[in-house]
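Report on one structure; see the data block that follows.
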Amino acid sequence: MTAKLNFVRQQGFPEASPDTCSYQYPALMWQPRVMGILVLIGLILQAWPYFMVLSAVLLWNATFPSLNPFDAVYNLLVAKRKALPLLYPAPAPRRFAQGMAGTFMLAIGLLLWFDQIYVAWGVEALLVVALGALILGGFCLGSYFYWLFTRHADFANRTLPWSRAE
C-alpha cells in the first residue's frame with residue numbers, strides 16, 4: 001500500500017490517505033494503462049501520424065485538464081457504474097507528466113516523419129522504460145521531475161515507490 005500511496009501523493013494529491021488511496025490509485029492508473037496499450041500499438045505500427053495523434057491528445061490533456069478524454073471515459077465507464085468518486089482535472093504534477101509524455105510522442109512522430117528510425121527507436125526505448133516504471137512500478141518520472149523542478153526534492157524523494165509513507 002505504501003508504494004501506491006506514494007504514487008497518489010506524487011501525482012499531486014498530498015492529502016491522500018490509505019483510505020482514499022484504495023480508489024484514487026486505480027483511477028489515476030487508468031490513463032497510463034490505456035496509454036501503455038496505445039503505445040504498444042504504435043511501436044508495432046511505427047507510423048508517424050499515430051504518434052502525432054497520441055502526442056496531441058496528451059498535450060491537450062496537459063493544456064486543458066478539465067477536457068481530458070481519458071478522465072471522461074473513466075468517470076463514465078468506471079466511477080459512475082461503481083459509485084466511486086469522479087476524477088477531476090489533474091493537478092500540476094500530473095499535467096506536467098502528461099506534457100512530458102506528449103513531448104516524447106511528438107519527438108517520436110517527428111523522427112519517424114523525417115526517417116530518423118534509429119533515433120526514434122532510442123526515444124521509443126526511453127518511453128517504454130518510463131511507461132514500464134509507471135505501470136509496473138508505480139513510479140511516474142514526469143511527476144517526479146515536476147517536484148524536482150519546482151524545488152521540492154525532499155517531497156519528490158519521499159514519494160518514490162520504495163520510500164516509507166509518512
Side-chain angles (χ1 to χ4, degrees), residues 1-14 16 18 21-62 65 68-71 73-74 77-78 87 90-113 116-150 152-153 155-165:
M1 176 55 96
T2 300
K4 291 179 180 181
L5 184 57
N6 286 345
F7 171 79
V8 172
R9 289 177 176 167
Q10 187 181 70
Q11 292 293 292
F13 300 93
C21 182
S22 65
Y23 62 82
Q24 283 178 311
Y25 180 80
L28 294 171
M29 287 301 290
W30 168 265
Q31 180 175 331
R33 289 176 177 150
V34 172
M35 283 305 301
I37 294 166
L38 295 174
V39 166
L40 284 176
I41 293 168
L43 295 174
I44 293 166
L45 295 176
Q46 290 296 298
W48 69 265
Y50 184 83
F51 280 102
M52 297 301 259
V53 169
L54 291 180
S55 171
V57 170
L58 287 170
L59 293 174
W60 172 270
N61 295 347
N68 181 329
F70 292 99
D71 291 353
V73 170
Y74 173 84
L77 296 180
V78 180
L87 276 175
R94 189 164 173 83
R95 289 194 318 268
F96 185 87
Q98 292 170 355
M100 190 169 133
T103 303
F104 269 81
M105 306 281 185
L106 177 63
I108 293 166
L110 290 172
L111 289 164
L112 290 172
W113 184 20
Q116 299 296 311
I117 304 302
Y118 298 115
V119 181
W121 289 350
V123 178
E124 289 171 357
L126 293 172
L127 179 63
V128 167
V129 168
L131 266 172
L134 176 56
I135 295 168
L136 301 174
F139 172 66
C140 180
L141 184 64
S143 294
Y144 182 76
F145 280 164
Y146 170 85
W147 292 111
L148 291 180
F149 294 155
T150 58
H152 293 93
F155 180 79
N157 292 332
R158 284 194 315 268
T159 64
L160 292 169
W162 52 86
S163 296
R164 297 175 61 111

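- Take Pro91 and apply the side-chain contact (heavy atoms from CB on, under 4.5 Å) test, not counting sequence neighbours, and it matches Phe13, Pro93, Arg94.
- With rounding to the nearest 0.5 Å, the separation of CE in Met100 from OH in Tyr146 is 14.5 Å.
- Residues Leu148 and Ala156 come closest through the heavy atom pair CD2-CB, 4.0 Å.
- Of the inter-residue distances, the one linking Tyr25 atom OH with Gln11 atom CD reads 10.0 Å to the nearest 0.5 angstrom.
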Worked verdict on Trp30 versus Asp71 for side-chain contact (heavy atoms from CB on, under 4.5 Å): CA-CA 8 Å; Trp30 168 265; Asp71 291 353; 5.7 Å; no
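- The aromatic ring centroids of Phe96 and Phe145 lie 6.0 Å or more from each other.
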How far apart are the C-alpha atoms of Leu134 and Met35, what are their side-chain angles, what is the distance that settles it, and do they pass the side-chain contact (heavy atoms from CB on, under 4.5 Å) test? CA-CA 11 Å; Leu134 176 56; Met35 283 305 301; over 6 Å; no
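- Contact between Gly36 and Leu131 at its shortest, heavy atoms only, is CA-CD1, 4.2 Å.
- Interatomic distance, CG of Leu43 versus CG of Leu127, reported as 7.5 Å (0.5 Å rounding).
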Walk me through it: do Leu87 and Gln31 pass the test side-chain contact (heavy atoms from CB on, under 4.5 Å)? CA-CA 11 Å; Leu87 276 175; Gln31 180 175 331; over 6 Å; no
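- With hydrogens and angles disregarded, a donor-acceptor distance shorter than 3.5 Å links the side chain of Gln10 to the backbone of Cys140.
- Here the CG-CD distance, from Asn61 to Gln98, works out to 5.0 Å after rounding to the nearest 0.5 Å.
- At a threshold of 4.5 Å between non-hydrogen side-chain atoms, the residues Glu124 and Gln46 count as touching.
- The closest side-chain heavy-atom distance from Trp113 to Leu110 is below 4.5 Å.
- Between Asn157 and Ser163 there is no side-chain heavy-atom pair separated by less than 4.5 Å.
- Contact between Gly138 and Phe7 at its shortest, heavy atoms only, is O-CD1, 3.4 Å.
- Between atom CZ of residue Phe51 and atom CD1 of residue Ile41 there is a gap of 10.5 Å, rounded to the nearest 0.5 Å.
- Looking at every heavy atom in both residues, Thr159 comes nearest to Asn6 through O-CB, 3.3 Å.
- Atoms CD and CH2, from Gln116 and Trp48 in turn, are 15.0 Å apart once rounded to the nearest 0.5 Å.
- Within the structure, ring pair (Phe, Tyr, Trp, His ring centres under 6.0 Å) contacts touching residues 120-144 (residues at least two apart or in different chains) are Tyr118-Trp121, Phe139-Tyr144.
- In this structure, Val57 and Pro69 approach most closely via the heavy-atom pair CG1-CG, 4.3 Å.
- Side-chain atoms of Tyr74 do not come within 3.5 Å of backbone N or O of Leu28 as any donor-acceptor pair.
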Check step by step if side-chain contact (heavy atoms from CB on, under 4.5 Å) holds for Arg9 and Phe155. CA-CA 9 Å; Arg9 289 177 176 167; Phe155 180 79; 4.2 Å; yes
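- Scanning all heavy atoms of the two residues, the minimum distance from Gly99 to Ala62 falls at N-CB, 3.7 Å.
- In this view, Leu59 and Ser55, Thr103 satisfy the side-chain contact (heavy atoms from CB on, under 4.5 Å) rule, not counting sequence neighbours.
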